[in-house]
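Scope of the values below: all heavy atoms of this structure, side chains included, with no hydrogens, waters or symmetry mates. So you know, we letter chains A, B, ... as the sequences are listed, proteins then strands, and number each from 1.
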Amino acid sequence: MRKIILEDPLSLRKITDSGQCFRPVELGSGLYRFVCGEHILYCRQDSLCELSVSCDEEEWEQRWRQYFDLDRSYAALCAPLLEPGGDPFLREAICCGEGMRVLRQDPWEMLVSFTLSQRKSIPAIRTAVRLLCERYGERKHTAYEGEAVALFPAPEVLAQCSAEELGECGLGYRAAYVRDCAEKTCAGELLPERLEKLPDDALFEALCSVRGVGKKVANCVMLFGYGRSKRVPSDVWMQRIVEQKYAGEEPFEHWGHAGLLQQYVFYYALEHKEELRGQEKGERK
DNA sequence: CGCCAGGCAAAAG
DNA sequence: CTTTTGCATGGC
């Protein structure tokens, strides 16, 4: 394992638990495994700003630096928002999520993962994604205890499966949606190399052409797969926050890098589920 | 067992 | 155009 010193706090646990990624896992005793494309990283948290990693320096610089979004300082970005007189809830959320990063993940994987995520809990999404990888993904051997890791399946492979077959991974009615992701990608309509050049609006529209991809899923793919840091996916949890902390008025418009702050807020919501659910209003009859 | 999940498309108003 | 409804299944 090689030592990495970071300029910014980074929490492997919070990132892994924050609902933006479904394949990173804690293997036990603080050892985490991340997968990005066909690259696999084993990683340990030594302190807030120190990691031990399994890759060499070149791979860290070329691949994982971008994956963990290390070229921008989240601390510097959040500092002005922590000043007294600022938004008190946002301040609390940022403190709660210290060490959060918004990962830059594979666009194809994000498209499929968030398409099958709708109306599923995060643990259930993890299971479905894992089953897809185990059934249809190529295996890659690693140095860690001879472990063979199943990579995320290629579009061509999923496009050859019937919806019924895909459904066996627990996709339910979303199986047809995943098939459409694969078909359109194979047909060249959603090639990441082309889409990444589009402006936000055009990219959004292209993603929404897939059956089962709407506003929320498209924004997740843009934020987590294409690095569009202004996008704010709005799901039930974000809606509860807007209701209960902002009296129904979305504050995101006047946040710079709203997508990054959104991730702190979303993580805060996951960590305070009970209170947010409990205070839900409007169940009068 | 019952309830809810990082929503969406289609039907109804 | 805006609002309501049905949806498959795993976690807990």
Scan Ser113(A) against the nucleic acid and name what it touches under 4.0 Å (heavy atoms): base, sugar-phosphate only, or nothing.
-> nothing

Flag, side chain of Gln118(A) to backbone of Gly212(A), donor-acceptor distance under 3.5 Å = yes

With a non-hydrogen cut-off below 4.0 angstrom, is Gly212(A) in contact with a base, only sugar-phosphate, or nothing?
-> sugar-phosphate

Rounded to the nearest angstrom, tell me the gap between atom CD1 in Ile125(A) and atom P in dA5(B).
-> 12 Å

Which listed nucleotide (dA9(B), dA5(B), dC7(C)) is nearest to the side chain of Ser121(A)?
-> dA5(B)

Between dA5(B) (P) and Lys216(A) (NZ): distance, integer Å = 12 Å

From the options dG11(C), dG7(B), dA9(B), select the nucleotide whose nearest atom is closest to the side chain of Val217(A).
-> dG7(B)

Counting just side-chain N and O atoms, does Arg240(A) come under 4.0 Å of either OP1 or OP2 of dC4(B)?
-> no

What do you reckon, is CD of Glu138(A) surrounded by more than 12 foreign heavy atoms closer than 6.0 Å?
-> no

Spacing between Glu274(A) atom CD and dC12(C) atom C1', to the nearest angstrom | 13 Å

Just checking Tyr267(A): base, sugar-phosphate only, or nothing, at a heavy-atom cut-off of under 4.0 Å?
-> nothing

Closest to the Arg119(A) side chain, choosing from dA8(C), dC12(C), dA9(B) = dA8(C)

To the nearest angstrom, how far is Arg174(A) atom CZ from dA9(B) atom P?
-> 13 Å

In whole angstrom, give the distance that lies between atom CG of Leu111(A) and atom C1' of dC8(B).
-> 14 Å

Length of the line joining Lys120(A):NZ and dC8(B):P, which is rounded to integer Å | 15 Å

Between CZ of Arg231(A) and CG of Leu223(A), what distance do you get to the nearest 0.5 Å?
-> 9.5 Å

Between dC7(C), dC8(B), dA5(B), spot the one nearest the side chain of Tyr173(A), thanks.
-> dC7(C)

By nearest-heavy-atom nucleotide on DNA chain B, the more 5' of Gln263(A) and Val210(A) is Gln263(A)

Determine, for Glu59(A) against Arg63(A), whether the closest basic-nitrogen to carboxylate-oxygen distance falls under 4.0 angstrom.
-> no

Rounded to the nearest 0.5 Å, what separation is found between the CD1 atom of Ile15(A) and the CE atom of Met100(A)?
-> 7.0 Å

Please state how far atom CG in Leu116(A) lies from atom P in dC8(B), giving the value in whole angstrom units.
-> 13 Å

Gln262(A) near the nucleic acid: base, sugar-phosphate alone, or nothing, with a heavy-atom cut-off under 4.0 Å?
-> base

Nearest to side-chain heavy atoms of Thr127(A), which nucleotide of dC8(B), dA8(C), dG11(C) = dG11(C)

Rounded distance in Å between the P positions of dA8(C) and dA11(B) = 14 Å

Could you give the CE-to-C1' distance, from Met238(A) to dA5(B), as a whole number of Å?
-> 17 Å

